[in-house]
J.: 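The structure's right below; bear with me while I get my questions together.
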There are 2 protein chains.
Amino acid sequence: MTTDASTRSSRDLPHPRHAEIRLEAVLHALSDPIRLQIVRELAVGGAELSCSHFDLPVTKSTTTYHFRVLREAGVIRQIYRGTAKMNGLRRDDLDDLFPGFLDSVLAAAARQAVRLGE
Amino acid sequence: MTTDASTRSSRDLPHPRHAEIRLEAVLHALSDPIRLQIVRELAVGGAELSCSHFDLPVTKSTTTYHFRVLREAGVIRQIYRGTAKMNGLRRDDLDDLFPGFLDSVLAAAARQAVRLGE
DNA sequence: ACCGTATTACGATGCCTATCGTACGAGTTG
DNA sequence: CAACTCGTACGATAGGCATCGTAATACGGT
């Protein structure tokens, strides 16, 4: 039989559930400079931002890849809203699983940015 | 009976200086399950432990490799003491550079270990 | 001086990752 | 519908990483 295309639209994105988020995967996701920068920007104001809002030194393909790594690690949540795809931090899940972790990473990144000359 | 501490032999191990420690490198170092476990054991009691004290599911060669990654990221300090090489967390440096970060990682790892059934 | 223990260094290997280009799909707007 | 925008999927690739085995090094005790 043909595959049922109606059950799984190409537009819904698989996220790990709360209990499936692994610390090692989160650490790995944050260890890339570009991804860390994305997370830092998402943390400002806690707003949801579209992918195109970010000005990253890589192509669109690579940007998509980095957002996917963050999503599959459980760091961000991605949903389609019309033509744009909005990205938001999964702060609630992360704070529940790893209390204080995200804030300390963000603080450490901010500190280091200052230390290394913005 | 040559326990001369001032001898600068080929056994000197290069450590990054305080100001050279980078958050991304620390995150990457901690993102490997084996290395995270090493750090967790080192954190217990803050003791210095020899490499051979650890019972890891890899060979000696690979163990050496992981310890080197941790040292070069600035997470641990390694010094020779006779025939053994002792390993200790660089807690002072890490706490100064990234306040609260190490503790939150350790707490998150402990929490996850419990959550996943030790 | 030799032997045993602890650890490293080197070379090889296969997997993982970050990167790109191009072609395509889903919406919005003319 | 057609064009345009935003983002995805797929394939390719170069470099990095975790892993191993073996040979070598350093130290302490016999």
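This is a predicted model, so every value here is computed, not measured. Residue numbers start from 1 in every chain, and the chains themselves are labelled A, B, ... in the order their sequence lines are given, proteins ahead of strands.
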J.: Where along residues 27-53 of chain A does a heavy atom come under 4.0 Å from DNA chain D, residue by residue in number order?
T.: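 Close to the strand are A:S50, A:C51, A:S52.
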J.: Measure from OH on A:Y80 to P on D:dT5 and round the result to the nearest Å.
T.: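 Those two atoms, OH and P, are 18 Å apart.
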J.: Are B:I76 and B:I21 linked, directly or through other ILVMFWY residues, by side chains that come within less than 4.5 angstrom of each other?
T.: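 Yes: a chain of side-chain contacts under 4.5 Å links B:I76 to B:I21.
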J.: Taking only side-chain N and O atoms of A:H66, does any of them lie within less than 4.0 angstrom of OP1 or OP2 on C:dT17?
T.: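 No, no such contact exists.
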J.: Going by the side chain to side chain donor-acceptor pair (under 3.5 Å) test, which pairs reach into residues 105-114 of chain B, not counting sequence neighbours?
T.: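 Listed by first then second residue: A:E24-B:Q112.
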J.: CZ of B:R91 to CG of B:D96: how many Å apart, nearest 0.5 Å?
T.: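 Output value for this atom pair is 13.5 Å.
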J.: Whole Å only: how far is the OH atom of A:Y65 from the P atom of D:dC10?
T.: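 Value for this atom pair: 16 Å.
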J.: Would you kindly give the CD1-to-P distance between B:I79 and C:dA6, to the nearest whole Å?
T.: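 Answer to the nearest Å: 18 Å.
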J.: Which whole-number value in Å describes the distance from B:Q78 CD to C:dA6 C1'?
T.: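 Atom-to-atom, B:Q78 to C:dA6, this comes out as 13 Å.
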J.: Using modelled atom types only, decide if a donor and an acceptor are shared between the side chain of A:R22 and the backbone of A:E20 within a distance under 3.5 Å.
T.: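 Yes; judged by distance alone, with no hydrogens or angles, the pair exists.
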J.: Provide, to the nearest angstrom, the distance between the CZ atom belonging to A:F54 and the P atom belonging to D:dC6.
T.: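 So the two atoms are 15 Å apart, to the nearest Å.
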J.: Would the distance check show the side chain of A:N87 and the main-chain N or O of A:L49 forming a donor-acceptor pair, the cut-off being under 3.5 Å?
T.: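 Yes: the side chain of A:N87 pairs with the backbone of A:L49.
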J.: With 3.5 Å as the limit, what N/O pairs link the protein to nucleotides 20-23 of chain C?
T.:
from, atom 1, to, atom 2, distance (Å)
C:dC20, OP2, A:T59, N, 2.9
C:dC20, OP2, A:T59, OG1, 3.2
C:dC20, OP2, A:T62, OG1, 2.8
C:dG21, N7, A:S61, OG, 3.2
C:dG21, O6, A:S61, OG, 3.0
C:dT22, O4, A:S61, OG, 3.2

J.: Does A:M86 sit in a hydrophobic cluster with other residues, and if so which ones, taking ILVMFWY side chains as linked at heavy-atom separations under 4.5 Å, directly or through other members?
T.: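 A:I79, which link up through side-chain heavy atoms under 4.5 Å apart, make up the rest of the cluster.
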J.: When you compare the side chain of B:L56 with that of B:I38, does any pair of heavy atoms fall below 4.5 Å?
T.: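 Counting from C-beta outward, B:I38 and B:L56 do come under 4.5 Å.
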J.: Measure CD1/A:I76 against P/D:dG7 and give the value in whole Å, please.
T.: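 Spelled out: CD1 on A:I76 to P on D:dG7 is 12 Å.
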J.: Whole-Å distance between D:dG7 P and A:L70 CG?
T.: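 Atom CG in A:L70 sits about 15 Å away from atom P in D:dG7.
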J.: Once you round it to whole Å, what is the distance between P of D:dC27 and CE of B:M86?
T.: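 Answer to the nearest Å: 16 Å.
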J.: Which pairs count as ring-ring contact (aromatic ring centres under 6.0 Å, His included) when at least one residue sits in residues 35-79 of chain A, sequence neighbours excluded?
T.: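 Output for this query lists A:F54-A:F67.
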J.: Do any pairs count as a salt bridge (Lys or Arg N to Asp or Glu O under 4.0 Å) and have a residue in residues 31-55 of chain A, sequence neighbours left out, and if so which ones?
T.: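 Passing the test, one end in residues 31-55 of chain A: A:E48-A:R81.
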